Amino acid sequence: MEDNNHNSTSTSAMSSASELPEPDVQILTSGGVRIPAHSSILAMVSPVLDNIMERPVKHGSSERVIPILGVPCDAVSAFIKYLYDSMCTEEQMEKYGIHLLVLSHVYLVPQLKQRCSRGVSQRLTVENVVDVLQLARLCDAPDLYLKCLKQVTARFKAVEQTEGWKFMQEHDPWLELHILRFMDEAESRKKRRWRQRKEQRLYLQLSDGLECLEHICREGCTTVGPYDVETAKKPSPCDKYATCQGVQMLIKHLVLCKRRASGVGCCRCNRMWQLLRLHSSICDHPDSCRVPLCRQFKWKAQQKMGEDAKWKLLVKKVCSAKAMSSLSLPKRKREEELKETMGRTANALKTFRLY
């Protein structure tokens with residue numbers, strides 16, 4: 001009965017090839033079932049099967065038999081069917097995905113191997129991920145191997161309780177070491193990305209602070225503005241008022257600080273001086289710039305034959321953050337800001353007015 005079932009399966013697998021001659025090769029499976037096939041089809045799809053069929057037939061044998069053992073009969077039938085019509089159903093992938101992956105690797109059928117790698121990766125569980133990981137390494141399936149490593153890393157607490165993990169610890173300690181190294185590197189990358197995002201936010205805040213400083217010195221904002229610009233009423237808050245308010249508070253403190261007046265200064269004064277110096281390092285038009293001390297800081301940097309390496313790196317990072325922020329804006333707004341920058345008028349006064 002089983003033999004008849006497999007013969008009917010193989011016949012349906014070759015229904016699209018009804019015009020082909022009689023099958024001239026038999027595929028022998030683990031259950032002793034023979035699946036008839038055409039050597040021309042097998043050789044065209046699989047170079048390994050092509051090499052097998054090129055070998056001379058033993059004396060006294062009237063038919064060519066190719067044994068495919070070690071996997072279920074139905075998996076072999078599904079494999080032969082794929083060689084004919086390049087189709088693999090979800091049901092077959094669910095039942096025999098791992099077996100088909102092995103067969104596609106052994107007999108060099110790359111399209112089926114890719115299909116199986118995707119199918120098996122979608123069906124990973126805590127219980128089978130370690131077994132699939134070892135199989136992916138043996139079958140040279142890097143995408144599936146990486147997916148398994150990520151799955152182990154994400155659910156390690158549960159995975160290390162499985163029988164597959166315990167078996168691997170006893171019989172393949174090198175693979176265990178590789179997994180633990182991958183997890184350590186993944187954690188390091190995660191911390192590095194978090195640190196880079198934190199630094200990027202800091203540089204972006206400095207860039208926003210510089211924009212607010214230029215905006216305050218150009219037209220003023222709420223409580224601080226340029227000394228030579230008369231306004232009938234206090235300017236309204238700008239789009240970045242949260243940052244702008246902080247800069248205004250630094251400017252007020254710098255103007256009114258008693259410790260600065262005595263020549264000592266404080267941390268808030270130093271912060272404002274650094275903001276002014278940073279603006280000067282980035283500013284491309286010091287002669288027409290309205291920010292206080294822009295030209296003086298530039299001249300001082302030239303007298304010192306440039307700035308130190310750490311300061312140059314800070315300037316570079318802030319410029320990069322400013323460029324990235326600009327690219328995230330809509331095109332029309334970027335054009336408007338560019339026209340506004342190019343149309344600034346020169347003015348020599350570099351002092352503030354407190355409203």
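Source: prediction; values computed, not measured.
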query: Would the number of heavy atoms belonging to other residues, nucleotides or ligands and lying under 6.0 Å from CD of Glu91 be above 12?
result: no
CD of Gln134 to CE of Met168, rounded to nearest 0.5 Å, is 6.5 Å
In this structure, CG of Asp50 is separated from CZ of Arg55 (nearest 0.5 Å) by 11.0 Å
- [ ] Test Arg181 against Glu185 for salt bridge (charged side-chain N to carboxylate O under 4.0 Å, His left out), laying out the working first.
- [x] CA-CA 6 Å; Arg181 283 179 176 173; Glu185 291 172 359; over 6 Å; no
Are Arg64 and Asp24 side-chain neighbours, meaning at least one heavy-atom pair lies under 4.5 Å?
no
CD of Gln205 to CG of Leu210, rounded to nearest 0.5 Å, is 12.0 Å
Check this for me, if you would: do Asp287 and Lys298 make a salt bridge, where the nitrogen-to-carboxylate-oxygen distance has to be below 4.0 angstrom? no
Tightest non-hydrogen contact, residues Val129 and Cys148, listed as CG2-O, 3.7 Å
Under a side-chain separation threshold of 4.5 Å, the hydrophobic residues clustered together with Met87 are none
Shortest non-hydrogen pair, Met53 vs Ala43, comes out as CE-N, 3.6 Å
Are the side chains of Ser30 and Pro72 in contact, using a 4.5 Å heavy-atom criterion?
no
Heavy-atom closest pair (His253 atom, Cys266 atom, distance to 0.1 Å) is NE2-SG, 2.9 Å
Cluster membership besides Met93, Ile/Leu/Val/Met/Phe/Trp/Tyr side chains within less than 4.5 angstrom, sorted by chain and number, is none
Flag the pair His285 / Cys283 as yes when at least one side-chain heavy-atom distance between them is below 4.5 Å, and no otherwise.
yes
Output for pair (Leu124 CG, Leu133 CG), nearest 0.5 Å, gives 9.5 Å
Applied to residues 146-163, the side chain to side chain donor-acceptor pair (under 3.5 Å) test, sequence neighbours excluded, yields none
Contacts of His105 meeting side-chain contact (heavy atoms from CB on, under 4.5 Å) (sequence neighbours excluded), chain-then-number -> Lys113, Cys139, Asp140
Discussion item. Any heavy-atom pair between the side chains of Leu213 and Leu276 that's under 4.5 Å?
Written reply: yes
Do the side chains of Ile68 and Leu28 get nearer than 4.5 Å, heavy atoms only? no
message = Check for me, please, whether Val76 and Ile41 land in the same ILVMFWY cluster - side-chain distances under 4.5 Å, paths through other members count.
response = yes
Kindly work out whether a path of hydrophobic side-chain contacts (I/L/V/M/F/W/Y, heavy atoms less than 4.5 Å apart) joins Leu138 to Leu112.
no
When you measure from the side chain of Ser188 to the backbone of Asp184, do you find a donor-acceptor pair of N or O atoms at a distance under 3.5 Å?
yes
Donor-acceptor pair, distance only, cut-off 3.5 Å: does the side chain of His38 make one with the backbone of Pro21?
yes
Within the structure provided, determine whether Leu83 and Leu49 are in side-chain contact (heavy-atom separation under 4.5 Å). yes
Applying a strict under-4.5 Å side-chain criterion to I, L, V, M, F, W and Y, I'd like to know whether Met249 and Leu275 cluster together. no
For Leu250, is there any backbone N or O sitting under 3.5 Å from a side-chain donor or acceptor partner on Arg268? no
Rounding to 0.5 Å, atoms CD (Gln274) and CH2 (Trp311) come to a distance of 6.0 Å
Margin query: Assess the residue pair Ile282 and Arg277 against the criterion (side-chain contact (heavy atoms from CB on, under 4.5 Å)); give the C-alpha distance rounded to whole Å, side-chain angles, the decisive distance to 0.1 Å, and a yes or no.
Written below: CA-CA 9 Å; Ile282 295 174; Arg277 180 188 173 191; over 6 Å; no
The side-chain hydrogen bond (donor to acceptor under 3.5 Å, both in side chains) partners of Arg123 (sequence neighbours excluded) come to Glu90, Glu94
Of all heavy-atom pairs linking Pro23 and Pro36, the shortest is CB-CB, 3.7 Å
* Asked: Is it the case that more than 12 heavy atoms not belonging to Tyr241 sit under 6.0 Å from its OH atom?
  -> yes
Q: Answer with yes or no whether the side chains of Glu219 and His215 bring together a donor and an acceptor at under 3.5 Å.
A: yes
same_hphob_cluster(Leu278, Trp299) at 4.5 Å side-chain heavy-atom cutoff: no
Exercise for review: Please say whether the positively charged group of Arg189, taken as NZ for Lys or CZ for Arg, lies over the ring of Trp194, i.e. under 6.0 angstrom from the six-membered ring centre and within 45 degrees of the axis.
Suggested key: no
Could you go through the salt bridge (charged side-chain N to carboxylate O under 4.0 Å, His left out) check for Lys81 and Asp74 one step at a time? CA-CA 10 Å; Lys81 178 180 179 298; Asp74 290 335; over 6 Å; no
Ring-ring centroid check Phe79 Tyr107, cutoff 6.0 Å: yes
- Does Lys316 offer a backbone N or O that forms a donor-acceptor pair with the side chain of Ser320 under 3.5 Å? no
Residue set satisfying salt bridge (Lys or Arg N to Asp or Glu O under 4.0 Å) with Asp208, at least two apart, ordered chain then number -> Lys240
Query raised in the report: Taking Thr29 for the side chain and Cys73 for the main chain, is one N or O donor matched with an acceptor at less than 3.5 Å?
Result: no
Could you please spell out the steps behind the side-chain contact (heavy atoms from CB on, under 4.5 Å) verdict for Val71 and Tyr96?
CA-CA 9 Å; Val71 294; Tyr96 310 114; over 6 Å; no
**Message:** Ring centroids only, cut at 6.0 angstrom: are His178 and Phe182 within range, meaning strictly under it?
**Reply:** no
Legend entry - Any donor-acceptor pair under 3.5 Å from Ser121 side chain to Ser117 backbone: yes
**Message:** Set out, in order, the CA-CA distance, both residues' side-chain angles and the distance that settles side-chain contact (heavy atoms from CB on, under 4.5 Å) for Val109 and Val45, then state yes or no.
**Reply:** CA-CA 7 Å; Val109 186; Val45 181; 4.2 Å; yes
CZ of Arg197 to CZ of Arg192, rounded to nearest 0.5 Å, is 12.0 Å
Donor on one side chain, acceptor on other, Asn128 and Thr125, under 3.5 Å:
yes
Between Ser39 and Val25 the two heavy atoms that sit nearest each other are N-CG1, 3.8 Å
Practice item. Starting from the C-alpha separation in whole Å, work towards a yes-or-no answer on side-chain contact (heavy atoms from CB on, under 4.5 Å) for Tyr82 and Gln92. Key: CA-CA 11 Å; Tyr82 182 88; Gln92 290 172 335; over 6 Å; no
Worksheet item: Can you find a heavy atom in the side chain of His279 that is under 4.5 Å from one in the side chain of Cys294?
Response: yes
Does the side chain of Val247 come within less than 4.5 Å of Glu211's, by heavy atoms? no
Taking Val106 as the starting point, is it possible to reach Val120 by hopping between hydrophobic residues whose side chains are less than 4.5 Å apart?
yes
Pro286 and Arg295 have their tightest heavy-atom pair at O-CG, 3.2 Å
